[in-house]
Amino acid sequence: MNIYTVRQATEGLALMMDTLDAKTKAQGVAISFDSRYNSEAFAHEAAHVLGAHGIPSFVFDALRPTPELSFAVRNLGTYAGIMITASHNPKQYNGYKIYGPDGGQMPPKEADLTTSYVRKVTDLFAIKTVSEHELRAKHLLTLIGEDVDEAYLANIKSVTINQKLIDEVGSKMKLVYTPLHGTGKMLGEQALRNAGFSQFRLVPEQSIYDPEFATVAYPNPEFPETFDLAIALGKKEDADMLVATDPDADRLGTAVRQPDGEYRLLNGNQIAALMLDYILRANQEAGTLPKNAVAIKSIVSTELATKIAEHYGVEMINVLTGFKFIAEKIKNYEEDHSHTYMFGFEESYGSLIKPFVRDKDAIQGVLLLAEITAYYQKQGKTLYDGLQDLFKQYGYFAEKTISQTFAGAEGAGEIKALMTKFREEQPESFNDVKVTALQDFQNQVTNFADGHTEPIKLPKSNVLKYLLADGTWIAIRPSGTEPKIKFYVGTVGTSEEDAQTRLTAFEQALTAFAAK
């Protein structure tokens, strides 16, 4: 990732936009960036390339969260958006995301078209750029900032559901928030205060915009160690809940204080289950739950959410991994009015509550999770107690993601070989539990143990998912952003201990088959 590769990617986008009519092309591109090394420079390099094609750019005056970039595309009516970020990945990384007119990351068809133009750019050093001064003079580069912030914060008021509850309980709750050296601080602090959660503290060491992410090994709220400083501050302040957002504020993690004063972390599936249950319950009680309500999740996310949706008479839709697929569904529903979107999530700590944004939005998540904490606190419970209530009602669900890294060119071959092994050998059981069906998303077919097949009506993707006789499922896919292969296991037990024991047994059976 350097100025030349950024120019190449942007040139591809610009060439694609050159094929559009003049009015559409003139809508321009919104651009944002995070706290990583060179992110701001890369954002402006993108604007310099777009300007050479006469395409206007709207660049944030300072770092902003990924969800706000998604919002800006919609709010400003631009044709596309560019976000310079590597999200939750280590400090050595940076990344380049392109968004479409609806504010969602470009779905496969449009992304493939843009990629085809990028590949036509063979000379990285011959890409034409225009200086910042000239772009400003020609009104081809406009700085944006507080105006978009205010519009986003006005929309985010719709995220909280029960203001009376927040005024009564939430205003007294003690919260600790860490933006993990990233963009969440830009809006998270103000959003909490505007909603009425005034008793919160920022982790001071992690509220510094630091591309070194000096206080953590990985700026990822999935990892328990990222909460070390938040836990220390939480104990000092006697905080009820800790929340962390990753550097571009699209992922949210949380830890809940237990009766003994220690904090327990919840995973992405558990956070999403609590959110979905609260949203559907609150709307049902208020008589505002639409008859065509729908929730959306990725195919590797917890089935607990499906059980919750079914309880409220709400349809659960499964999509491929990648929030762009959730955004695509939201767009389709707005156009055909077949469903009303209520909530969408992925197991990797990302969710979207209100669709004025079309990507994962941890700022929205912080607010709703704080409100849910107030809801349970009023009953003398914690978020963890609320999760236990869900388990007692629907079953003790447990999930785990196992990542194996294969670096370099040889690693890519090893990942390919593993996928081929699982696809061709087709194990008949794991942990002595029979495989009842194999979903092959690459070949778009489900093969059942009794020999019959059914088509899969989702885009092609190199993913395998095994469905087992006891309700357990196992999925395998290569990572789209890292040199890793990911194994997912989801199961359900009669108790939390039983579910974890089963999870461990299936993990061992899976890794044993992979190693054969």
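Computed from a predicted model, the values in this text were never measured in an experiment.
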Quiz item: If you measure from CD1 on I456 to CD on Q442, what distance do you get to the nearest 0.5 Å?
Solution: 11.0 Å

Practice problem: State whether D248 and R64 are salt-bridged, where the test is any N-O pair (Lys NZ or Arg NE/NH1/NH2 against Asp/Glu carboxylate O) under 4.0 Å. | Solution: no

Quiz item: So, K157 versus N194: side-chain donor-acceptor pair below 3.5 Å or not?
Solution: no

Quiz item: In terms of the angle between their ring planes, are Y152 and F71 parallel, tilted or perpendicular, with boundaries placed at 30° and 60°?
Solution: perpendicular

Quiz item: Hey, would you say the Y218 and F223 ring centroids sit under 6.0 Å apart?
Solution: yes

Quiz item: Measuring from E205:CD to D228:CG, what's the distance to the nearest 0.5 Å?
Solution: 11.5 Å

Quiz item: Looking at CD of E11 and NE2 of H53, how far apart are the two atoms once the value is rounded to the nearest 0.5 Å?
Solution: 3.5 Å

Exercise. I would like to know whether H48 and S131 meet side chain to side chain donor-acceptor pair (under 3.5 Å); could you show each step before the answer?
Key: CA-CA 6 Å; H48 299 168; S131 72; over 6 Å; no

Quiz item: After noting the C-alpha distance and the side-chain angles of K354 and Q364, does the key distance pass the side chain to side chain contact (heavy atoms under 4.5 Å, CB included) rule?
Solution: CA-CA 8 Å; K354 293 292 185 177; Q364 290 191 38; 3.6 Å; yes

Practice problem: Answer with yes or no whether the side chains of D167 and Q163 bring together a donor and an acceptor at under 3.5 Å. | Solution: yes

Practice problem: Can you measure from CD1 (I415) to CZ (R477) and round to the nearest 0.5 angstrom? | Solution: 11.5 Å

Practice problem: Go through the steps to decide whether R358 and E334 satisfy the test salt bridge (charged side-chain N to carboxylate O under 4.0 Å, His left out), and finish with yes or no. | Solution: CA-CA 12 Å; R358 293 297 164 87; E334 284 187 346; 2.6 Å; yes

Quiz item: For the atom pair OG1 (T405) and NZ (K484), what is the distance rounded to the nearest 0.5 Å?
Solution: 4.5 Å

Self-check item: D277 vs I279 side-chain heavy atoms within contact, under 4.5 Å
Solution: no

Quiz item: When you measure from the centre of the six-membered ring of Y209, is the NZ or CZ of K185 under 6.0 Å away and within 45° of the axis?
Solution: yes

Practice problem: Kindly compute the distance separating CZ (F58) from CG (N75), expressed to the nearest 0.5 Å. | Solution: 11.0 Å

Practice problem: Evaluate side chain to side chain donor-acceptor pair (under 3.5 Å) for E371 paired with T160, printing each intermediate quantity in order. | Solution: CA-CA 7 Å; E371 180 177 343; T160 50; 4.6 Å; no

Quiz prompt | Candidate pair L180 and F213, rule side chain to side chain contact (heavy atoms under 4.5 Å, CB included), full reasoning | solution = CA-CA 7 Å; L180 295 179; F213 305 115; 5.9 Å; no

Quiz item: Do F33 and F60 have ring centroids that are under 6.0 Å from one another?
Solution: no

Quiz item: After noting the C-alpha distance and the side-chain angles of D361 and D250, does the key distance pass the side chain to side chain contact (heavy atoms under 4.5 Å, CB included) rule?
Solution: CA-CA 5 Å; D361 191 343; D250 66 350; over 6 Å; no

Quiz prompt | E335 atom CD, neighbour heavy-atom count above 12 within 6.0 Å | solution = yes

Quiz item: Can you find a heavy atom in the side chain of S298 that is under 4.5 Å from one in the side chain of F325?
Solution: no

Quiz item: Who pairs with L266 by side chain to side chain contact (heavy atoms under 4.5 Å, CB included), at least two apart in sequence or on another chain?
Solution: T254, V256, Q270, I271, L274, L383, Y384, L387

Quiz prompt | Exercise: do S207 and Y177 side chains pair donor with acceptor under 3.5 Å | solution = no

Quiz item: Given side chains that start at C-beta, do those of I299 and L320 come closer than 4.5 Å, heavy atoms only?
Solution: yes

Practice problem: Could you tell me whether K400 atom NZ has more than 12 heavy atoms of other residues or ligands within 6.0 Å of it? | Solution: no

Quiz item: Taking the six-membered ring for Trp, are Y278 and Y375 ring centroids under 6.0 Å apart?
Solution: yes

Exercise. Over all heavy atoms of both residues, which pair between G253 and P221 is shortest? Give the atoms and the distance, please.
Key: N-CB, 3.7 Å

Quiz item: Under 4.0 Å between a Lys/Arg side-chain N and an Asp/Glu carboxylate O for K138 and E134?
Solution: yes

Exercise. Kindly indicate, with the supporting measurements, whether the criterion side chain to side chain contact (heavy atoms under 4.5 Å, CB included) is fulfilled by L352 and F343.
Key: CA-CA 6 Å; L352 177 63; F343 183 67; over 6 Å; no

Quiz prompt | Residue pair Y117, T19: steps toward the side chain to side chain donor-acceptor pair (under 3.5 Å) verdict | solution = CA-CA 11 Å; Y117 281 101; T19 67; 4.5 Å; no

Exercise. Output every pair passing side-chain hydrogen bond (donor to acceptor under 3.5 Å, both in side chains) with a member in residues 88-102, not counting sequence neighbours, ordered by first then second residue.
Key: T10-Y96, S39-N94, H88-R251, K91-E212, Y99-D359

Quiz item: Is there a donor-acceptor contact under 3.5 Å linking the side chains of T183 and D34?
Solution: no

Quiz item: side chain to side chain donor-acceptor pair (under 3.5 Å) between D21 and T24: does it pass, once the steps are laid out?
Solution: CA-CA 6 Å; D21 63 84; T24 304; 2.8 Å; yes

Practice problem: Return yes if a side-chain donor-acceptor contact under 3.5 Å exists between S301 and E346, otherwise no. | Solution: no

Practice problem: Answer yes or no: is there a side-chain heavy-atom contact under 4.5 Å between I296 and Y341? | Solution: yes

Quiz item: Pick from L233, T178, L175: which one makes a side-chain contact (heavy atoms from CB on, under 4.5 Å) with R201?
Solution: L233

Quiz prompt | Residue pair E399 / T302, side-chain donor-acceptor N/O under 3.5 Å | solution = yes

Self-check item: Under-4.0 Å salt bridge between E189 and R193
Solution: yes

